[in-house]
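Quick caveat: nothing in here was measured; it's all calculated off a predicted structure.
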Amino acid sequence: MRFIDEAIVTVKAGDGGNGIVSFRREKYVPRGGPDGGDGGKGGDVYVIADDNTNTLVDYRYTRRYDAKRGENGHSKNCSGKASEDIYLSVPVGTTIIDTETDEVLGDLTKIGQTLLIAKGGDGGLGNTHFKSSTNQAPRKATSGFEGELKCLKFELKVVADVGLIGLPNAGKSTFIRQVSAAKPKVADYPFTTLVPNLGVVDIGKHRSFVMADIPGLIEGASEGAGLGIRFLKHVARTRRLLHLVDIKPLDGSDPVENARVIFKELALFSPELSQLPQILILNKIDQIPEEAELNDLCTHIVAELGWTGVVFRTSTLTGEGVDAVKYHLMNEIELEQERELEDPIFAEAQKERFERLEAEVRHNIEVQREAYRAARRAKREQDGDHDDDDDDYDVEVAYAP
């Protein structure tokens, strides 16, 4: 199974069927008149959000989808049969973008949501429509209209209320294992997670939210280092960011500097994203058994960062402190959702903020992609390699076993 979060596809709606020229020919009806039927409508192309799909991998191998044309008209004023519409299944959270105009055609955020992306052509008119008192035997019919042809970009962002960010090996995968049924790979080395993982955090009856574990950022990610910012776009829809900091890294690095790396990369990648509400999680407290030493270290980290927001201390290994984070997040999300329902001005401001955020994220990812490709082209020219394939940026990342 491969996790593919972008795909370029071409869709062609069906052309309309042609109207026909036909005349009624029956015994004892010498002047039957025109009876040419209309052509049938061409098939439309839709996309539908399917909860059984979690990747766009199918659209990497089949890149064109054509709906059938409508049938031509028939005699006896019978219209041609309209062609069936086709539906392309995409994961919930897929955005459809017209590559020629950069227009966002739609955003599929709910299961079963459909979007018309290419409209089929109407059928042509049969000669019956052109009958008049002065033209009782018209020999004119029209051809069907062409269906729309579009080149589209499918862009998947996981739909999550909370995004987990932090350096590799900060404990994000273990955290999401503790609070949900998600089972991402966990190991004592960095870059264990290579794709976003989703988990539903169940608080109680009718109380739950979705959390996304995003692959670890490193210094220079906004410029393409490591996994770069390839998956950072998946936190563009979240309401809260959980920033996990390992208070005692195995490599002996400074947790304060490690936290600053993430702050910096977020700000460089997307100033709008860096303004999302963040919660600081001081993780792996089980590694410091002495309470006094632990208090001193946590106080030092918070002071050095100048952090004035919410702070939690957790051990994702033992589960200590994790429940407090869960309930805090659930309460925050519910309060925000209630305010959106009660305050139309706040709801509109929220909508505009996320639209700005998604536009900024999309733009910055494209800038990084083009910079990467330009660097590859320059390297190939220097090496005398004339291969024109610049798609290596779009690496297919396999799920960790």
Side-chain angles (χ1 to χ4, degrees), residues 4 6-26 32-50 52-53 55-92 94-108 111-132 135-156:
I4 303 297
E6 288 184 4
I8 303 292
V9 299
T10 300
V11 295
K12 173 68 170 70
D15 298 335
N18 299 327
I20 68 165
V21 174
S22 174
F23 295 93
R24 186 178 177 191
R25 297 280 194 273
E26 292 183 32
D35 69 349
D38 300 339
K41 180 181 176 299
D44 297 330
V45 183
Y46 292 85
V47 288
I48 182 169
D50 183 0
N52 293 317
T53 305
T55 175
L56 297 172
V57 65
D58 291 343
Y59 301 106
R60 280 298 182 91
Y61 301 107
T62 305
R63 295 175 179 256
R64 177 159 180 138
Y65 297 85
D66 292 10
K68 293 182 179 179
R69 73 187 302 274
E71 282 188 358
N72 293 337
H74 304 283
S75 59
K76 298 183 180 180
N77 289 318
C78 292
S79 297
K81 182 180 179 181
S83 176
E84 293 184 357
D85 302 330
I86 62 174
Y87 289 80
L88 308 181
S89 295
V90 296
V92 176
T94 300
T95 301
I96 313 298
I97 304 165
D98 189 319
T99 59
E100 293 185 2
T101 63
D102 283 334
E103 177 188 1
V104 176
L105 301 183
D107 201 4
L108 281 67
I111 296 172
Q113 184 178 351
T114 59
L115 174 69
L116 174 64
I117 55 175
K119 184 174 175 55
D122 291 330
L125 301 178
N127 65 334
T128 304
H129 289 275
F130 301 98
K131 179 177 65 174
S132 68
N135 185 10
Q136 296 184 12
R139 286 172 169 77
K140 177 183 178 182
T142 60
S143 301
F145 293 89
E146 290 188 357
E148 291 182 322
L149 173 66
K150 291 184 179 180
C151 183
L152 303 173
K153 180 179 182 181
F154 292 176
E155 187 177 271
L156 170 62

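- The closest side-chain heavy-atom distance from Thr142 to Phe130 is below 4.5 Å.
- Residue Val11 is tested with Asp66, Ile96, Leu149, Leu88 for a side chain to side chain contact (heavy atoms under 4.5 Å, CB included); the sole match is Leu88.
- Between the CD1 atom of Ile97 and the CD atom of Glu103 there is a distance of 10.5 Å, given to the nearest 0.5 Å.
- A 4.5 Å side-chain heavy-atom check between Val47 and Leu152 finds every atom pair outside the cut-off.
- Closest approach of Leu56 and Pro91 over heavy atoms only: CD2-CD, 3.5 Å.
- In this structure, the side chain of Asp122 does not engage the main chain of Lys41 through any donor-acceptor pair within 3.5 Å.
- Note that NZ of Lys140 and CG of Asn135 are 9.5 Å apart. Values are rounded to the nearest 0.5 Å.
- Taking 4.5 Å as the limit, every side-chain heavy atom of Glu84 sits out of range of all side-chain heavy atoms of Ile86.
- Remark: Lys76 NZ to Ser22 OG distance equals 9.5 Å, nearest 0.5 Å.
- A distance of 5.5 Å separates OG in Ser75 from CG in Asp35, rounded to the nearest 0.5 Å.
- Atom NZ of Lys153 sits in a crowded spot, with more than 12 heavy atoms from other residues, nucleotides or ligands closer than 6.0 Å.
- Distance alone, capped at 3.5 Å, is enough to place a donor-acceptor pair between the Ser83 side chain and the Lys68 backbone.
- Residues satisfying the side-chain hydrogen bond (donor to acceptor under 3.5 Å, both in side chains) test with Arg139, not counting sequence neighbours, are none.
- The distance from atom CD1 of Ile20 to atom CG of Asn127, rounded to the nearest 0.5 Å, is 7.5 Å.
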### Query
side-chain contact (heavy atoms from CB on, under 4.5 Å) between Glu148 and Val45: does it pass, once the steps are laid out?
CA-CA 9 Å; Glu148 291 182 322; Val45 183; over 6 Å; no

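- Here the shortest heavy-atom pairing between Ala7 and Arg60 reads CA-NE, 4.3 Å.
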### Query
Could you walk me through whether Tyr46 and Asp44 pass the side-chain contact (heavy atoms from CB on, under 4.5 Å) check?
CA-CA 7 Å; Tyr46 292 85; Asp44 297 330; 3.6 Å; yes

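- Across every non-hydrogen atom of Arg25 and Phe23, the tightest pair is NH1-CB, 2.9 Å.
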For residues 113-121, dump all side-chain donor-acceptor pairs below 3.5 Å to protein atoms at least two apart in sequence or in another chain.
| unit_1 | atom_1 | unit_2 | atom_2 | d |
| --- | --- | --- | --- | --- |
| Gln113 | OE1 | Thr109 | N | 3.0 |
| Gln113 | OE1 | Lys110 | N | 3.3 |
| Gln113 | NE2 | Asp107 | O | 3.2 |

### Task
Please assess Arg69 against Asn18 for the test side-chain contact (heavy atoms from CB on, under 4.5 Å), listing each intermediate value before the final yes or no.
CA-CA 10 Å; Arg69 73 187 302 274; Asn18 299 327; 3.9 Å; yes

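- Here the side chain of Thr99 pairs a donor or acceptor atom with the backbone of Cys151 at under 3.5 angstrom.
- Looking at Leu108, Thr95, Val9, Ile8 one by one, the single match for side chain to side chain contact (heavy atoms under 4.5 Å, CB included) with Phe154 turns out to be Val9.
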